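I have placed the structure first, in the form of structure tokens, so that the comments after it can refer back to it.
In this text, all values refer to a predicted model and were calculated from it rather than measured experimentally.
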Amino acid sequence: MSNFRLAEIIAAVAVCLDLSTLSALGTGQFAASHERLGKNRPDSGLRSHHFDGDFFSRVIGNGRTAIEWKPIWIDSKNSILVDIVQNRDIIKLIGIFGFEVKYRDADGKLGSRTVAVKSKATDLESCNMINKMAQGCNSDFAQLYEVHKMNTGFRHVQKREMAMMGMDHPYLTALKPETYHIWNDSSKDIFVIAMEYIDKDIVTHFDSVDDVSMWTTDDIKVVLRDV
């Protein structure tokens with residue numbers, strides 16, 4: 001084989017590799033595959049076995065012991081977390097989960113509390129989901145988004161929400177659900193907020209993504225003011 005022929009083969013292989021890599025970047029498969037198939041974090045993410053007595057005892061707090069916990073249904077179909085789970089081959093738990101927790105306090109008195117447990121996706125998982133929307137535009141936009149996705153407002157989104165929910169500033173506590181427990185373990189991609197369960201029958205504008213007719217100009221002004 002001549003040196004020229006060998007150079008042709010090497011150049012062809014290099015071009016094919018570049019085309020394959022660019023195609024994967026443009027469709028969002030490059031980062032998603034590395035995230036999903038990485039062998040260095042086999043136990044990352046929240047799993048069902050984490051919902052145990054120790055976890056719910058920490059959620060209830062004040063020295064009380066969780067003795068029973070029963071899942072309850074929460075309608076989260078309009079949550080971006082649901083889109084992330086549906087668009088990726090994810091085995092960890094992401095979403096909002098409801099539980100009715102029964103407990104016993106230090107004096108032996110029994111009680112119960114309904115809680116909502118929110119398991120956050122990482123910023124990369126959120127950005128990869130949004131890349132699906134970018135692909136729906138055109139390949140050029142998808143490639144551009146892939147390059148700059150970590151410079152968007154979704155960078156560190158899980159850390160920012162965890163920090164905000166842990167703040168006890170009176171202005172925030174008057175607006176946000178009561179936070180019972182925060183589990184923040186970035187080494188295992190676990191970002192969990194256990195909070196007050198809000199019944200849609202006692203609040204307004206609950207889950208109004210598909211019905212915006214209830215929103216008035218004054219409602220929008222209040223939201224913009226508080227943001």
Side-chain angles (χ1 to χ4, degrees), residues 11-47 74-97 116-165 176 183-193 205-215 219-220 223-224 226-227:
V13 172
V15 170
C16 290
L17 178 61
D18 283 346
L19 288 174
S20 175
T21 302
L22 287 173
S23 298
L25 287 171
T27 60
Q29 295 177 358
F30 185 84
S33 296
H34 281 74
E35 177 80 3
R36 184 175 70 252
L37 302 176
K39 301 298 189 292
N40 59 328
R41 306 174 73 181
D43 60 344
S44 66
L46 183 72
R47 308 298 175 89
I74 290 183
D75 184 4
S76 57
K77 65 180 182 297
N78 290 318
S79 170
I80 189 175
L81 298 175
V82 175
D83 293 331
I84 293 172
V85 174
Q86 291 176 344
N87 279 279
R88 293 189 62 235
D89 184 18
I90 292 179
I91 59 175
K92 68 181 184 179
L93 296 178
I94 295 178
I96 304 175
F97 310 92
V117 179
K118 183 176 185 179
S119 178
K120 291 283 297 178
T122 66
D123 48 6
L124 181 58
E125 289 165 340
S126 300
C127 288
N128 285 339
M129 187 279 297
I130 296 174
N131 196 34
K132 301 291 184 180
M133 304 178 189
Q135 294 171 34
C137 297
N138 57 63
S139 59
D140 291 339
F141 182 75
Q143 292 182 28
L144 188 63
Y145 175 82
E146 179 68 26
V147 173
H148 297 286
K149 65 183 180 182
M150 298 309 292
N151 296 321
T152 65
F154 281 92
R155 184 171 176 80
H156 300 315
V157 64
Q158 74 279 14
K159 296 179 181 180
R160 295 202 307 270
E161 182 171 352
M162 303 287 282
M164 183 193 72
M165 292 300 289
K176 66 182 180 69
W183 184 8
N184 188 351
D185 188 347
S186 57
S187 67
K188 293 186 177 182
D189 278 353
I190 293 179
F191 306 98
V192 173
I193 304 168
H205 300 71
F206 191 95
D207 200 14
S208 57
V209 173
D210 296 326
D211 181 15
V212 299
S213 61
M214 67 180 68
W215 286 88
D219 293 331
I220 297 173
V223 171
L224 293 176
D226 289 339
V227 168

* Flag, side chain of Tyr145 to backbone of Asp140, donor-acceptor distance under 3.5 Å -> no
* **Which atom of Gly45 lies closest to which atom of Lys92, heavy atoms considered** => CA-CD, 3.5 Å
* **Sidechain N-carboxylate O distance under 4.0 Å for Glu161, Lys176** => no
* Structure fact -> Heavy-atom nearest pair, Ser119 first then Leu93, reads OG-O, 2.7 Å
* Measure the CE-CD1 distance between Met162 and Ile190 for me, rounded to the nearest 0.5 Å. => 10.0 Å
* **Residue pair Lys188 / Leu46, side-chain heavy-atom distance below 4.5 Å** => no
* Asked: Which heavy atom of Asp123 sits nearest a heavy atom of Gln158, and at what distance?
  -> N-OE1, 3.1 Å
* To do: Report the distance from atom SG of Cys137 to atom CG of Leu144, rounding to the nearest 0.5 Å.
  => 11.0 Å
* So, Ser126 side chain and Thr122 main chain: donor-acceptor pair closer than 3.5 Å or not? -> yes
* Hey, what do you get for CD1 (Ile94) to NZ (Lys118), rounding to the nearest 0.5 Å? -> 12.0 Å
* Nearest heavy-atom neighbours spanning Arg160 and Gly153 -> NH2-O, 2.6 Å
* Just how far is it from atom CG of Asn138 to atom CD of Gln143, taken to the nearest 0.5 Å? -> 9.5 Å
* Structure fact -> Closest non-hydrogen atoms of Asp219 and Met214, given as atom of the first, atom of the second and distance, are OD2-O, 3.4 Å
* Between atom NZ of Lys120 and atom NZ of Lys159, what is the distance when rounded to the nearest 0.5 Å? -> 13.5 Å
* Which atom of Phe191 lies closest to which atom of Ser186, heavy atoms considered -> CZ-CA, 3.8 Å
* Val192 versus Val117: any side-chain heavy-atom pair under 4.5 Å? -> yes
